[in-house]
Amino acid sequence: MNEKDSEIGSTSPIRYERDFDESPSESVVIAVSNVTGKSITPEIGSDEDEVAALSPLYEAIDPDALNTLLTPEPGEQTNCLMPFQYEGCSITIDDDAVTVTPSE
C-alpha cells in the first residue's frame with residue numbers, strides 16, 4: 001500500500017497488495033483496517049475513547065466462500081473479481097490485491 005494514499009479520511013481508492021501467505025479474508029480485514037484506522041480486534045476493557053474495532057467480516061460476506069473463490073491451486077490464477085461493501089467502504093478483491101474505496 002502506498003503510504004501517501006493510506007491517509008485516513010481519504011476517499012480515493014487504496015490498493016493493498018496481498019501477501020502470498022494471507023488468506024483473501026485476512027487481506028480484506030488488514031486493508032480496511034489500514035484505510036479506516038479501526039482496530040482489527042476489539043480491545044477488551046477499553047474505554048469508548050479507544051480506537052473503534054472493525055465489525056466481523058462475516059456480517060458483510062462469507063469469509064470461507066471468499067477464501068475458496070480467491071485461493072487458486074498452486075501455479076494457477078482464479079481470474080475472479082469480487083466486489084462487496086464492508087465498513088462503509090466499497091471493496092474489490094482479486095488474486096493479487098484488495099482495493100478499498102472509502103465512502104465520502
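The residues of the chain are indexed from 1 along the displayed sequence.
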Does some side-chain heavy atom of [Y] sit less than 4.5 Å from a side-chain heavy atom of [X]?
| X | Y | answer |
| --- | --- | --- |
| Thr71 | Pro24 | yes |
| Arg15 | Asp96 | yes |
| Thr99 | Ile14 | no |

Over all atoms of both residues, closest heavy-atom pair of [X] and [Y]:
| X | Y | value |
| --- | --- | --- |
| Pro56 | Tyr86 | O-CE1, 3.9 Å |
| Ser12 | Pro102 | O-CD, 3.5 Å |
| Cys80 | Leu69 | CB-O, 4.2 Å |

Please check this pair: side chain of [X] against backbone of [Y], looking for a donor-acceptor N/O pair closer than 3.5 Å.
| X | Y | value |
| --- | --- | --- |
| Arg18 | Val98 | no |
| Asp94 | Leu81 | no |
| Ser33 | Val29 | no |
| Ser103 | Gly88 | yes |

Legend entry - Shared hydrophobic cluster, Ile91 / Tyr58 (ILVMFWY, side-chain heavy atoms < 4.5 Å): no
Legend entry - Within one Ile-Leu-Val-Met-Phe-Trp-Tyr cluster: Val100 and Phe84, side-chain cutoff 4.5 Å: yes
Inset, instruction - Go through Val32 and Lys38 one step at a time and tell me if the side-chain contact (heavy atoms from CB on, under 4.5 Å) criterion holds. - result: CA-CA 8 Å; Val32 173; Lys38 292 183 177 181; over 6 Å; no
Taking atom [atom1] of [X] and atom [atom2] of [Y], what is their separation to the nearest 0.5 Å?
| X | Y | atom1 | atom2 | value |
| --- | --- | --- | --- | --- |
| Leu54 | Ile30 | CG | CD1 | 10.5 Å |
| Asn34 | Tyr16 | CG | OH | 6.5 Å |
| Leu66 | Ser23 | CG | OG | 8.0 Å |

Legend entry - Worked verdict on Val35 versus Glu87 for side-chain contact (heavy atoms from CB on, under 4.5 Å): CA-CA 10 Å; Val35 170; Glu87 286 293 325; over 6 Å; no
